[in-house]
Amino acid sequence: MSPQEAARLLHEGKLIVFPTETVYGLGALASNKKAVRKVFDVKGRPSHNPLILHIANPHQLDELVLDIPESAHRLMKAFWPGPLTICFRKSNIVSDEVTAGLPSVCVRTPDHPLAHEFLKNVGEAVAAPSANLSGKPSTTSFEDAKLQLGNKGVEFLDGGLTLIGLESTVVDCSQQGVVKLLRPGSVSVTDLESVLGEKILDETKNEQVTSPGQLLRHYAPKGELLVIVGNLQQRQRWLDRLSEDQKFSWAFGIVGKVNNAHLYSHLSVLSQSEEDMSMYASRLYSFLNWCDQIQAKHIVLSFPEKNHPLSATLMNRLEKASQGNIISLGGTFS
Ligand code: TXA
Ligand code: MG
């Protein structure tokens, strides 16, 4: 399907799965309340969890929001188009269906040629959560999106693999004088603070979470996921031991070199090197989706102890996906 055809179908009330640079999205025309409600039905998403608006061009923001604070101007200039979602005070044009009744609305401009063509042809905002069933791993390929949502009566725009593989960073600029981090992503706190010239408030570890979606069990495969964190030797020792008494229903996601690869029933190398955690990030969800396809009952994911700019974001996703089932082999990880 072409992006023009997808845009036409969207205007007819259809839902469209489309690629972005982060993960695939499940889009509805934001001005069509019935279509937006259908997004919640299709995903099985709780109605209190608001959707992000996607636009082709920052100029489209003007009618969606009450004001654009200076902080948001700076962030848009530095990071749009790109994997940064910004929360504003919403205008009356944006329905309660999109924002789950909140007075704020989150908006982003994806940096992906097909997403851009699609959104440009739509000509107005597209409300889209990640294209997965609620609680399940996000999808980073057309095939994975189709496996989760193929029987839901939605249409698909095939954009191959997404580049980043982790959902956008979400920041809240809707309150005066303060910028808050609601969800970590590939745009890091350091990136944000250097553009703003001031500290931002990290709300992601608060008990009182301000971003409703962050409360839920998320990104989780069906099998029990264990994350082991350590250096290469520590991880290898564990894997050697586990590979001895593994069953066929086990799956292993590895970073770095692995000894005796032939001994593992199901093995996937997420990244060849601890330095390349971007590769790990881009393959994480396809690994978790693959685990569901092969019906893995036990999943072991190894994670380097060494700090990397993406470590905190990856850990945020892994904590939710494993429900905190994380072992520090060196004892230094917290
Ligand atoms: O990279 C992404 O952001 C992907 C692609 C498709 O753009 N989208 C995505 O959407 O991850 P979703 O719905 O899976 O996650 C959006 C997050 C949720 O945690 C939601 O609670 C939060 O953003 N959110 C949306 N609107 C909000 C609002 N007005 N205030 C606070 N949090 C909001
Ligand atoms: Mg999601």
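Both counts, for ligands and for their atoms, begin at 1 and track the order of listing. All heavy atoms count here, side chains included; hydrogens, waters and symmetry mates do not.
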Can the positive tip of K146 be found less than 6.0 Å from the middle of the six-membered ring of F156, inside 45° of the ring normal?
yes

Does R241 make a cation-pi contact with W238, if we ask for NZ or CZ under 6.0 Å from the ring centre and within 45° of the axis?
yes

Should R183 and E203 count as an ion pair when the cut-off is N to O under 4.0 Å?
no

In terms of the angle between their ring planes, are F252 and Y264 parallel, tilted or perpendicular, with boundaries placed at 30° and 60°?
perpendicular

S168: numbered ligand 1 atoms lying under 4.0 Å from its heavy atoms
1 (O), 2 (C), 3 (O)

Which of the atoms of ligand 1 are close to G25, meaning less than 4.0 Å from one of its heavy atoms?
6 (C)

Looking at L102, which atoms of ligand 1 are within less than 4.0 Å of one of its heavy atoms?
28 (C), 29 (N), 30 (N)

Is any N or O atom of R183, backbone or side chain, closer than 3.5 Å to an N or O atom of ligand 1?
yes

What is the minimum heavy-atom distance between R108 and T22, and which atoms define it?
NH2-OG1, 3.1 Å

N92 atom CG, neighbour heavy-atom count above 12 within 6.0 Å:
no

Quick one: does R45 get within less than 4.0 Å of ligand 1, heavy atoms only?
yes

Would you indicate which of A127, S174, P50 comes nearest to atom 25 (C) of ligand 1 when only heavy atoms are counted?
P50

Proximal atoms of ligand 1 relative to N49 (non-hydrogen, under 4.0 Å):
18 (C), 20 (C), 21 (O)

Going by the order shown, which atoms of ligand 1 are within less than 4.0 Å of some heavy atom of S104?
28 (C), 29 (N), 30 (N)

How long is the straight-line distance from NZ of K90 back to CG of L53, given to the nearest 0.5 Å?
10.0 Å

Taking distance alone, with N or O pairs closer than 3.5 Å, would you say H54 contacts ligand 1?
yes

Could you tell me, atom by atom, which parts of ligand 1 come under 4.0 Å of a heavy atom of C87?
28 (C), 29 (N), 30 (N)

Give the atom numbers and elements of ligand 1 that come within less than 4.0 Å of a heavy atom of L182.
31 (C), 32 (N)

Taking atom CZ of F118 and atom OG of S2, what is their separation to the nearest 0.5 Å?
11.0 Å

From S134, does some N, O or S atom reach closer than 2.8 Å to the Mg ion (ligand 2)?
no

